Amino acid sequence: MLKTHSCGDLSKKDVGAEVTLAGWVDRRRDHGGLIFIDLRDREGLVQAVFNPDSSPDCHEIASRMRSEYVIKVSGEVALRPKGTENPKLPTGDIEVIVHSAEILNTSKTPPFYINEEVELEESLRLKYRYLDLRRARMRKNLLLRHRVIKFIRDFLDDKGFIEVETPILIKSTPEGARDYLVPSRVHAGKFYALPQSPQQLKQLLMVAGVEKYFQIARCFRDEDTRADRQPEFTQLDLEMSFVEEEDILGLMEELFTAMVETVRPESKIIKPFSRLSYAEAMERYGTDKPDLRFGLELKDLTDIAAQTEFAIFRSAIDQGGKVRGICIPGCGGYSRRQLDELNKLVQGLGAGGLVTIALGAGGGKLDALTIEEVKSVVAKFFTIDQVKQMGQRLEAEKGDLLLIVAGKPEIVDICLSELRQEMAKRLELADPNTFAFSFIIDFPLLSKNEETGLWEPMHHPFTAPREEDIPLLDSAPEKVRGRHYDLVCNGYEIAGGSIRIHTSGLQRKLFKLLGYSDEQVEERFGHLLKAFDYGAPPHGGIAAGIDRVVMLLAGEETIREVIAFPKNQNAADLTFDAPSPVSEEQLAELHLRLREER
RNA sequence: GGCCCCGUGGUGUAGCGGUCUAACAUGCCACCCUGUCACGGUGGAGAUCGGGGGUUCGAAUCCCCCCGGGGUCGCCA
């Protein structure tokens, strides 16, 4: 090793010790005589002192050092002179008096600050990711990610799980997300697909008798990116035999509770995890991944709206739509401009518009509200009683702001859910230091695709229906409840799983209901069905999005901040400039010819 | 594919029709400085304002198209 200690590990206890350190020049302070160098390595910073009187050679070398130069120094750890300690630095009580110095490598001036926290254009960071990762924030995130994964491995190992690797080159199954395809050289015209998740593989491992499996698994989905979605991402994939819902939920609750308490001991976690049915989540929050750190619950106003003279409400209801709203406390004084912003938000989500009703400016009981105090561009269509009824339903007081959306149920839900999130952000209602986990349960097994008229799985086609609902598969598929569960936290879906179907008969029945022909079933799922015929145990599991979990724990807003080398919004790697063209020879070997695109 | 936001010295911002020959901070370079720690001081270099077209007597500024980046809807079994 070129070093005996890490910079950030030094402390008073090392005073008097002779140390050799190596790292990067974080900052240089040249006093003409004395030169101070803040030397940085992975563990932190320490001040190195170069004195021209005692070590003129070193001083000369130090005068040539610049930011991000890689250097090696030897010297004695000393207490700083009284009054020159730096309480802002963990190593601020000490310094290293250098008597031997070497420049191991020079550095160009970096394209951005390594030693300061500045918001940068992300494309620049990604282009120079290796420099970006030197910054304290990224170093911290990488370390946190490591600790989370280490924690998971230790925890599950302790519970008797074994980690099994599954193939990255596997078979395309066209349902679900778009596959990433890999052409085969050996088999002309055939392709592997990268796994969207190891779902079927882990079920085969259950048939294999593994009983308790997990994997930190890379997954690939060729779909558009989001702040919390990347083309490739990492899941904690987990499956157990001989379990029921409670076994998996209990395990997850224990895992996540212990994880948060270990890696973020200063944060608050709401225990026990709450549980919401899918229906209740949609009813109260308009989404199946609500942020439960604050209220602002949605209420249905359809019955009241139907009584009003407001044509937009009435026509929405006539067309099978609904009218719902939320109450924003204390925002009755919102400006025209602020209301316009909210209106734009819902219009961007497909709603015709947003009805805002300001219930006066001051506080006080709703009963005291007068029609003169009500501020709304559509106030003339409502009686004061109707306004009060809506206010009452929304548990409003004077001074509050009602936000109401009418239209197709899905649109209304998504608009109000987004408004709820937006207003919570503006009013800072969500404590960033709290983790509000919740299990979402009782999902319908199927949902009808309005365009194709076909039944589609809510989760995936391997999810078991509730035993008592199986007869409904023939008569009323929409009423069948799936044995599916999600884990959400602070507005993000961080895990989803289910008890699976483990008999080929029921699995075939499901496939049939989903509209697959016998040939398709055989071609795509024959391996799984065949396996089920050889003593498949009842089993179930869950998959958690590691990137999202680490993002939440790190307090970051995108998963790119917790991935070492993420893709950008266009699924490109800016460090490598991937994807990139390949040679004609490479294509020929793979039996490929590029199409002319118009 | 749709919608919204952003693009000005290396970096981060200001400027939003004329005095912009583009400002500020920081970084960079040189010199001075022996206890600083976002060291300090003096001086200097560094941007045809993402690209193209248009409007105008005049465009960083207004309009259109394109490119790049971000957010989001669709999509994500």
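Throughout, a chain's letter reflects where its sequence line sits, starting with A, and its residues are numbered from 1. From a predicted model like this one, the values you see are computed outputs, not experimental measurements.
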Asks: Using side chain to side chain contact (heavy atoms under 4.5 Å, CB included) as the criterion, list what pairs up with Ile411(A), not counting sequence neighbours.
Replies: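 Partners of Ile411(A) under the side chain to side chain contact (heavy atoms under 4.5 Å, CB included) test: Ala351(A), Lys408(A), Cys415(A).
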
Asks: Take nucleotides 34-45 of chain B nucleotide by nucleotide from the 5' end and write B, S or -, depending on whether a protein heavy atom sits under 4.0 Å from the base, only from the sugar-phosphate, or from neither.
Replies: BBBBSB------

Asks: Only counting residues at least two apart or in another chain, list the ones meeting ring pair (Phe, Tyr, Trp, His ring centres under 6.0 Å) with His59(A).
Replies: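 With sequence neighbours excluded, His59(A) shows a ring pair (Phe, Tyr, Trp, His ring centres under 6.0 Å) to no residue whatsoever.
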
Asks: Using the C1' atom as the reference point in each nucleotide, state the distance between U42(B) and A60(B) in Å, no decimals.
Replies: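 To the nearest whole Å, 32 Å.
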
Asks: With rounding to the closest Å, how many angstrom separate the C1' atoms on U56(B) and G44(B)?
Replies: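 Comparing C1' positions in U56(B) and G44(B) gives a spacing of 38 Å.
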
Asks: For Gln421(A), what residues pass the side chain to side chain contact (heavy atoms under 4.5 Å, CB included) criterion, not counting sequence neighbours?
Replies: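 With sequence neighbours excluded, Gln421(A) shows a side chain to side chain contact (heavy atoms under 4.5 Å, CB included) to Asp291(A), Phe294(A), given in chain and number order.
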
Asks: Round to the nearest Å and state the distance from Asp577(A) atom CG to G69(B) atom P.
Replies: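 One finds 10 Å between P of G69(B) and CG of Asp577(A), rounded.
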
Asks: I need the CG-C1' distance between Asp132(A) and U11(B), as an integer number of Å.
Replies: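 Roughly 13 Å, once rounded to whole Å.
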
Asks: Quick one: list whatever passes ring pair (Phe, Tyr, Trp, His ring centres under 6.0 Å) with Phe439(A), sequence neighbours left out.
Replies: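 For Phe439(A) the ring pair (Phe, Tyr, Trp, His ring centres under 6.0 Å) partners, ignoring immediate neighbours, are Phe273(A).
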
Asks: Taking only residues two or more places apart in sequence or in another chain, which ones pass side chain to side chain contact (heavy atoms under 4.5 Å, CB included) with Asn449(A)?
Replies: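 For Asn449(A), the residues satisfying side chain to side chain contact (heavy atoms under 4.5 Å, CB included) (neighbours in sequence not counted) are Glu451(A), Thr452(A), Glu456(A).
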
Asks: Expressed as a whole number of angstroms, how long is the span from Gln347(A):CD to G2(B):P?
Replies: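 Distance, rounded to whole Å: 19 Å.
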
Asks: Got a sec, which residues hit side chain to side chain contact (heavy atoms under 4.5 Å, CB included) with Ser54(A), two or more places apart in sequence or on another chain?
Replies: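 With neighbours one apart ignored, the set is Asn51(A).
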
Asks: Looking only at atom P, what distance separates C16(B) and G1(B), rounded to whole Å?
Replies: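 Each nucleotide's P atom is 36 Å from the other's.
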
Asks: Which part of the nucleic acid, if any, lies within contact of Leu124(A), taking any heavy atom under 4.0 Å across all strands shown: a base, the sugar-phosphate backbone alone, or nothing?
Replies: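 Sugar-phosphate contact only.
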
Asks: Once you round it to whole Å, what is the distance between P of G27(B) and CD of Glu117(A)?
Replies: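 Going from CD in Glu117(A) over to P in G27(B) covers 16 Å.
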
Asks: Not counting sequence neighbours, list each pair that qualifies as a side chain to side chain donor-acceptor pair (under 3.5 Å) and has a residue in residues 88-99 of chain A.
Replies: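 Found Glu18(A)-His99(A), Gln47(A)-Glu95(A).
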
Asks: Find which nucleotide of RNA chain B each of Ser67(A) and Leu120(A) is nearest to by heavy atoms, and output the residue with the more 5' nucleotide.
Replies: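 First, find each residue's nearest nucleotide; the 5'-ward one identifies Leu120(A).
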
Asks: Suppose you measure atom P in C65(B) against the same atom in C29(B); what distance do you get, rounded to whole Å?
Replies: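 Those two atoms are separated by 44 Å.
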
Asks: Going by an N to O cut-off under 4.0 Å, is there a salt bridge joining Arg135(A) and Glu116(A)?
Replies: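 No, this pair does not count.
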
Asks: Rounded to whole angstrom, note down the C1' distance from A30(B) over to G70(B).
Replies: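 My reading of the C1' atoms in A30(B) and G70(B) gives 40 Å.
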
Asks: Is any side-chain N of the basic residue among Lys202(A) and Glu239(A) closer than 4.0 Å to the acidic one's carboxylate O?
Replies: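 Yes, Lys202(A) and Glu239(A) are salt-bridged.
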
Asks: Provide the distance between the two C1' atoms, one in C57(B) and one in G52(B), to the nearest whole Å.
Replies: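 To the nearest whole Å, 23 Å.
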
Asks: So, using ring pair (Phe, Tyr, Trp, His ring centres under 6.0 Å) as the criterion, who are the partners of Phe36(A) when residues are at least two apart?
Replies: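 Scan of Phe36(A) (ring pair (Phe, Tyr, Trp, His ring centres under 6.0 Å), adjacent residues dropped) gives His31(A).
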
Asks: Would you say Pro465(A) and Leu473(A) make side-chain contact, with heavy atoms under 4.5 Å?
Replies: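 Result yes, sub-4.5 Å side-chain heavy-atom pair found.
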
Asks: Work out how far the C1' atom of C6(B) is from that of A14(B), and round it to whole angstrom.
Replies: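 Each nucleotide's C1' atom is 16 Å from the other's.
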
Asks: Which letter, B, S or -, goes with each nucleotide of nucleotides 70-77 of chain B from 5' to 3', with contact meaning a protein heavy atom under 4.0 Å?
Replies: BBBBBBBB

Asks: According to ring pair (Phe, Tyr, Trp, His ring centres under 6.0 Å), who are the partners of Phe443(A), at least two apart in sequence or on a separate chain?
Replies: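 Ring pair (Phe, Tyr, Trp, His ring centres under 6.0 Å) list for Phe443(A), sorted by chain: Tyr278(A), His484(A).
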
Asks: Can you tell if the side chain of Tyr334(A) reaches within under 4.5 Å of the side chain of Leu342(A), non-hydrogen atoms only?
Replies: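 In short, these two side chains touch, coming nearer than 4.5 Å.
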
Asks: When you measure from the side-chain N and O atoms of Arg125(A) to the phosphate of G69(B), is any distance below 4.0 Å, counting only OP1 and OP2?
Replies: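 False: Arg125(A) side-chain N/O out of range (4.0 Å or more) of G69(B) OP1/OP2.
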
Asks: Going by purine N1 to pyrimidine N3 plus the second Watson-Crick contact, or the G-U wobble pair, all under 3.5 Å, which nucleotide sits opposite C3(B)?
Replies: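 Pair assignment: C3(B) / G71(B).
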
Asks: Could you tell me the separation between the NZ atom of Lys108(A) and the C1' atom of U11(B), rounded to a whole number of Å?
Replies: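 It is 16 Å, rounded to the nearest whole Å.
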
Asks: Could you check which residues of residues 522-531 of chain A get a heavy atom under 4.0 Å from RNA chain B? Sort them by number, please.
Replies: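 Hits under 4.0 Å, by residue number: none.
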
Asks: If I pick the C1' atom on U11(B) and the same atom on G46(B), what distance separates them, to the nearest angstrom?
Replies: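 About 13 Å, rounded to a whole number of Å.
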
Asks: Only pairs with both distances under 3.5 Å count, Watson-Crick or wobble alike; so what is the partner of U26(B) in this structure?
Replies: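 Its partner is G10(B).
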
Asks: At less than 3.5 Å, do the side-chain atoms of Tyr113(A) and the base atoms of G10(B) form a donor-acceptor pair?
Replies: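 Answer yes: a donor N or O sits under 3.5 Å from an acceptor.
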
Asks: CD1 of Ile114(A) versus C1' of G12(B): gap in Å, rounded?
Replies: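 Distance, rounded to whole Å: 15 Å.
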
